[in-house]
Colleague: 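Could you have a look at this structure, given as structure tokens, before my questions?
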Amino acid sequence: MFNNQPVSYSGVQPSGNLTIGNYLGAIKNFASFSEAYKCFYCVVDEHAITVRQTPADLRRRTYETLALYMACGLDPEKNTLYVQSHVHEHAELAWILNCFTMFGELSRMTQFKDKSAKHADNINAGLFTYPTLMAADILLYQTDVVPVGVDQKQHVELCRDIAERFNQLFPDTFTVPEPIISKSGMKIMSLADPTKKMSKSDENVNAVVYILDDKDTIIRKFKRAVTDSETCVRLGEGKDGINNLIGIYSCFTGKSAEEIEKEFEGRGYGEFKLAVGEACADALAPVQQKYRELLADKGALEAQMKKGAEEASWYARRTLSKVQKKLGFVKI
Ligand code: AQP
């Protein structure tokens, strides 16, 4: 809460080309908070370096992610849009929160386990303490709600625990945030292995639909999506592929699972996959168009980064200074 206005905070890593998982699980829902909340949406580049990034790619994707935020309907006049590394308070508060986070808590984080398995040659301390940096992101802005995909819920819950622990020692320091998982925030699964989350860092490009894929590519990827040996479009146990496609179709069309099952009664998987591809491509087309226009003006994006960083810093400074005072750091 800031000045009696509830705060919404979220972020996306510029660690790859954004997927429909990032879109449906997070970005698409961000704009709906703009009226009732003071909103901060961050391009979290410091999180991205927990796995190795090529510097030129990281730089390019930082611009692209900001442009995508705006293309997905985030008005920079109503939302504070900025880049994490432009506001140094994130890293400073993260260090402090590291001292209030237990080794055992971090060890239990599913994302740490998954990412350590995936990057066994680079299990760095940053990968391990990623959730404390995320807690700092959220707590710096006295955040009330964090709209995220269900895969990030565990991290927001840890953030709550850290905030409550800190508040117990130093009362009234942080607002304790709530995760908000929207209906469309269900976990979008890989098209090649529907037991796995769809991730922008997946090496198999056919497993992932990117927000910026063209219509033919989107339809081709859905046509190749792994399903099962049945032919009936219905939700069911052991039907992870079809369950995932029904979920995606539902998110893009607003239809319920029952309506979808009815619509495709007696029609095969081929027809269904084509319909999912078309619904997805049609929904993304206006976003792609707007994105191209925004990306063409790098100067305007940089001006936006600067404005966003200035706005965010004002709030971040206030909280960090309060924390430092409570801890006993000498102010000069
Ligand atoms: N498959 C998904 N389904 C639903 N929501 C998802 N999100 C990501 N993937 C899915 C949501 O997108 C937001 C931003 O995610 P992120 O970039 O901060 O990190 P992530 O969750 O680690 O996303 P990726 O795509 O899997 O990135 P990489 O491959 O770099 O690790 C979050 O709100 C997340 O819930």
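This is a predicted model, so every value here is computed, not measured. Order of appearance sets the numbers: ligands from 1, and atoms from 1 within every ligand.
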Colleague: Please name all residues satisfying salt bridge (charged side-chain N to carboxylate O under 4.0 Å, His left out) with Glu46, sequence neighbours left out, ordered by chain then number.
Modeller: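 So Glu46 forms no salt bridge (charged side-chain N to carboxylate O under 4.0 Å, His left out) with any residue.
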
Colleague: For atom CG of Asp172, decide whether the heavy atoms of other residues, nucleotides or ligands shown that lie under 6.0 angstrom number more than 12.
Modeller: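 No, not enclosed.
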
Colleague: For Tyr210, does the six-membered ring have the charged nitrogen or CZ of Lys200 within the cation-pi criterion, i.e. under 6.0 angstrom from the centroid and within 45° of the normal?
Modeller: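 Pair Lys200/Tyr210 does not count as cation-pi.
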
Colleague: Please could you name the atoms of ligand 1 that Val148 approaches to less than 4.0 Å, counting only its heavy atoms?
Modeller: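 Per the distance check, 33 (O).
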
Colleague: Test your reading of the structure: does Val12 have an N or O sitting under 3.5 Å from an N or O of ligand 1?
Modeller: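 Between Val12 and ligand 1, no N or O pair is found under 3.5 Å apart.
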
Colleague: Atoms of ligand 1 less than 4.0 Å from Gly25 heavy atoms?
Modeller: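 Ligand 1 atoms under the 4.0 Å threshold to Gly25: 4 (C), 5 (N).
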
Colleague: Check Asp114 with Lys197, please: is the shortest side-chain N to carboxylate O separation under 4.0 Å?
Modeller: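 A salt bridge is absent here (no side-chain N lies under 4.0 Å from a carboxylate O).
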
Colleague: Any nitrogen or oxygen of Ser15, side chain or backbone, less than 3.5 Å from one on ligand 1?
Modeller: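 Yes - when backbone and side-chain N and O of Ser15 are compared with those of ligand 1, one distance drops under 3.5 Å.
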
Colleague: Is the closest heavy-atom distance from Lys115 to ligand 1 below 4.0 Å?
Modeller: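 Contact present.
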
Colleague: NZ of Lys290: more than 12 outside heavy atoms within 6.0 angstrom?
Modeller: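 At most 12 heavy atoms, drawn from other residues, nucleotides or ligands, come within 6.0 Å of this atom.
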
Colleague: Does an N or O from Asn22, backbone or side chain, lie closer than 3.5 Å to an N or O of ligand 1?
Modeller: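 Yes; the residue has a nitrogen or oxygen that sits under 3.5 Å from a nitrogen or oxygen of the ligand.
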
Colleague: Under 3.5 Å between some N or O of ligand 1 and some N or O of Gly149?
Modeller: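 N/O-N/O distance under 3.5 Å: yes.
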
Colleague: Between Asp193 and Lys196 (salt bridge meaning N to carboxylate O under 4.0 Å), is one present in this structure?
Modeller: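 The answer is no: the pair does not qualify as a salt bridge.
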
Colleague: Taking distance alone, with no angle check, do Met198 and ligand 1 share an N/O pair under 3.5 Å?
Modeller: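 Yes, Met198 has an N/O under 3.5 Å of an N/O on ligand 1.
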
Colleague: Check Thr175 against Thr143 and note the closest heavy-atom contact, atom names and distance.
Modeller: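 What the structure gives for the nearest pair is CG2-O, 3.3 Å.
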
Colleague: Decide if atom CH2 of Trp314 counts as having more than 12 heavy atoms of other residues, nucleotides or ligands within a radius under 6.0 Å.
Modeller: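 Enclosed: over 12 neighbouring heavy atoms sit under 6.0 Å from CH2 of Trp314.
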
Colleague: Only counting residues at least two apart or in another chain, list the ones meeting side-chain hydrogen bond (donor to acceptor under 3.5 Å, both in side chains) with Asp202.
Modeller: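 Per chain and number, Asp202 pairs via side-chain hydrogen bond (donor to acceptor under 3.5 Å, both in side chains) with no residue.
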
Colleague: Below 4.0 Å from any atom of ligand 1, is there a heavy atom belonging to Gln111?
Modeller: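 Yes, Gln111 has a heavy atom closer than 4.0 Å to ligand 1.
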
Colleague: Do any nitrogen or oxygen atoms of Gly21 lie less than 3.5 angstrom from nitrogen or oxygen atoms of ligand 1?
Modeller: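 Checking ligand 1 against Gly21, an N or O pair does fall under 3.5 Å apart.
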
Colleague: Residue-level breakdown please: for Ala26 versus ligand 1, do any non-hydrogen atoms fall below 4.0 Å on the side chain, on the backbone, on both, or on neither?
Modeller: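 Contact part for Ala26 vs ligand 1: side chain (C-beta onward).
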
Colleague: Just distances here: any N/O of Gln13 and N/O of ligand 1 closer than 3.5 Å?
Modeller: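 So ligand 1 has an N or O lying under 3.5 Å from an N or O of Gln13.
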
Colleague: Mind checking whether Thr19 has a heavy atom under 4.0 Å from ligand 1?
Modeller: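 For ligand 1, residue contact (heavy atoms, under 4.0 Å) with Thr19 is absent.
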
Colleague: Lys118 versus ligand 1: do any nitrogen or oxygen atoms come within less than 3.5 Å of each other?
Modeller: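 So ligand 1 has no N or O lying under 3.5 Å from an N or O of Lys118.
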
Colleague: Going by heavy atoms, is Ser10 under 4.0 Å from ligand 1?
Modeller: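 False for this residue.
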
Colleague: Any carboxylate oxygen within less than 4.0 angstrom of a Lys/Arg side-chain nitrogen, looking at Arg267 and Glu271?
Modeller: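 Here Arg267 pairs with Glu271 in a salt bridge, since their nearest N and O are under 4.0 Å apart.
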
